[in-house]
Amino acid sequence: MYLGQEIPVLGDFFKIHFIENPGMAFGIEFGGAYGKLFLTVFRIIAVVVITFILRQLIGKKASFKLIFGISLILAGAMGNIIDSVFYGVLFSKSTFSSTYGIAEMFPADGGYSELMHGYVVDMLHFTILKGRWPEWMPFIGGDYFEFFRPIFNIADSAITLGILYLIIFQRSIFMSEEEELLGS
C-alpha cells in the first residue's frame, strides 16, 4: 500500500488506512533523530521492566487476570519496538503516490533510516461518528469533525486492551491478591 491509501472493510465505519507514525500515540514526537532514538530506547527499557515484573508475578503464582492484562501490554509494546527498530532498515521510503509510493522490502540502497529510527506502521481506522459542526457554534461552526480520528495498529490495540482490562477488573484482581497475602 502507499501512504494514505484506504481499503474499506466495513464501509465508512472500518477501513485499513496505511500511515507511518514517526512518534508515539497520536503522532506525538520528540525532536529529531535523537528524539526518535530516545523513544525507541525508552520502549526497549519499558519492555525489559515489564518482562521482569511479569516473570516475578508468574513465579509468585499471581492471578491469571493480572498476568493476562500485563501480557497484553507487553505484547503490544514488543510489536511497536519491532517496527521502530527494524522497519526503517528493511523498507524503502513510502510516499503518497499510487505509482511510486509503495515501499520496497530489502531495497538495494538500503532502507530509509538507521536501526532504531524507523516508523511504526498504523493501519486500523474506525470512524464512529462524522459530520459538520452546526454553523451557530463559535470558532468551529461548519467545520468537519470525526470521532474516532486516530489510526492505530494491533500492537496499540493490545496495549489499550491490556490497560482497560486491568482497570475494569482491578477490584477482582487486586482484592484476590490481597486476600491471598493476608491468608498466608
Taking C-beta and beyond as the side chain, do [X] and [Y] meet within less than 4.5 Å on heavy atoms?
X	Y	result
I128	E146	no
D12	K130	yes
F106	F91	no
V85	R43	no
L115	F86	yes

Write down the atom of [X], the atom of [Y], and the distance for their closest heavy-atom approach.
X	Y	value
V89	E114	CG2-C, 3.6 Å
T40	M116	OG1-O, 3.0 Å
M1	E6	CE-N, 4.4 Å
I67	A62	CD1-O, 3.6 Å
E20	F18	OE2-CZ, 3.7 Å
Y2	T95	CB-O, 3.5 Å

Got a second to check how far [X]'s [atom1] is from [Y]'s [atom2], nearest 0.5 Å?
X	Y	atom1	atom2	value
S84	L37	OG	CG	10.0 Å
I140	E135	CD1	CD	11.0 Å
I58	F64	CD1	CZ	10.5 Å
F152	H125	CZ	NE2	9.0 Å

Should I73 and L166 be marked as a side-chain contact (heavy atoms from CB on, under 4.5 Å) after you check the CA-CA gap, both sets of side-chain angles, and the distance that decides it?
CA-CA 10 Å; I73 296 167; L166 291 174; 3.9 Å; yes
[X] side chain vs [Y] backbone, donor-acceptor pair below 3.5 Å:
X	Y	value
S92	E104	yes
Y112	Y119	yes
S94	L3	no
S172	F169	yes

Would you say [X] and [Y] are hydrophobically clustered, going by side-chain heavy atoms of ILVMFWY under 4.5 Å?
X	Y	result
L161	I151	no
L90	I19	no
Y144	F13	no

Check whether more than 12 heavy atoms from other residues, nucleotides or ligands sit under 6.0 Å from atom [atom1] of [X], and answer yes or no.
X	atom1	value
F14	CZ	yes
D109	CG	no
L124	CG	yes

List the atom pairs, with distances to 0.1 Å, where a side-chain N or O of residues 76-83 and a protein N or O form a donor-acceptor pair under 3.5 Å, not counting sequence neighbours.
| from | atom 1 | to | atom 2 | distance (Å) |
| --- | --- | --- | --- | --- |
| N80 | OD1 | N153 | ND2 | 3.2 |
| N80 | ND2 | D156 | OD1 | 2.9 |
| D83 | OD2 | V121 | N | 2.9 |

Please report the C-alpha distance between D122 and V120 in whole Å, then the side-chain angles of each, then the deciding distance to 0.1 Å, and finally whether the side-chain contact (heavy atoms from CB on, under 4.5 Å) criterion is met.
CA-CA 6 Å; D122 289 336; V120 173; 4.0 Å; yes
Just do the side-chain contact (heavy atoms from CB on, under 4.5 Å) check on L54 and I70 with the steps written out, would you?
CA-CA 7 Å; L54 191 57; I70 293 175; 3.8 Å; yes
Assess the pair Y165 and F68: is the distance between their ring centroids shorter than 6.0 Å?
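When the ring centroids of Y165 and F68 are compared, they turn out to be within the sub-6.0 Å range.
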When you look at Q170 and K65, which way does the side-chain contact (heavy atoms from CB on, under 4.5 Å) test go after all the steps?
CA-CA 9 Å; Q170 69 177 325; K65 288 179 181 178; over 6 Å; no
Please state whether the rings of W133 and F145 are parallel, tilted or perpendicular, taking 30° and 60° as the class boundaries.
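Correct class here is tilted.
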With a cut-off of 3.5 Å and sequence neighbours excluded, list every side-chain donor-acceptor pair involving residues 45-53.
| from | atom 1 | to | atom 2 | distance (Å) |
| --- | --- | --- | --- | --- |
| T51 | OG1 | V47 | O | 2.7 |

Who else is in the cluster with F42 when I, L, V, M, F, W and Y are joined by side-chain contacts under 4.5 Å?
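So far as hydrophobic clustering goes, F42 is joined with none.
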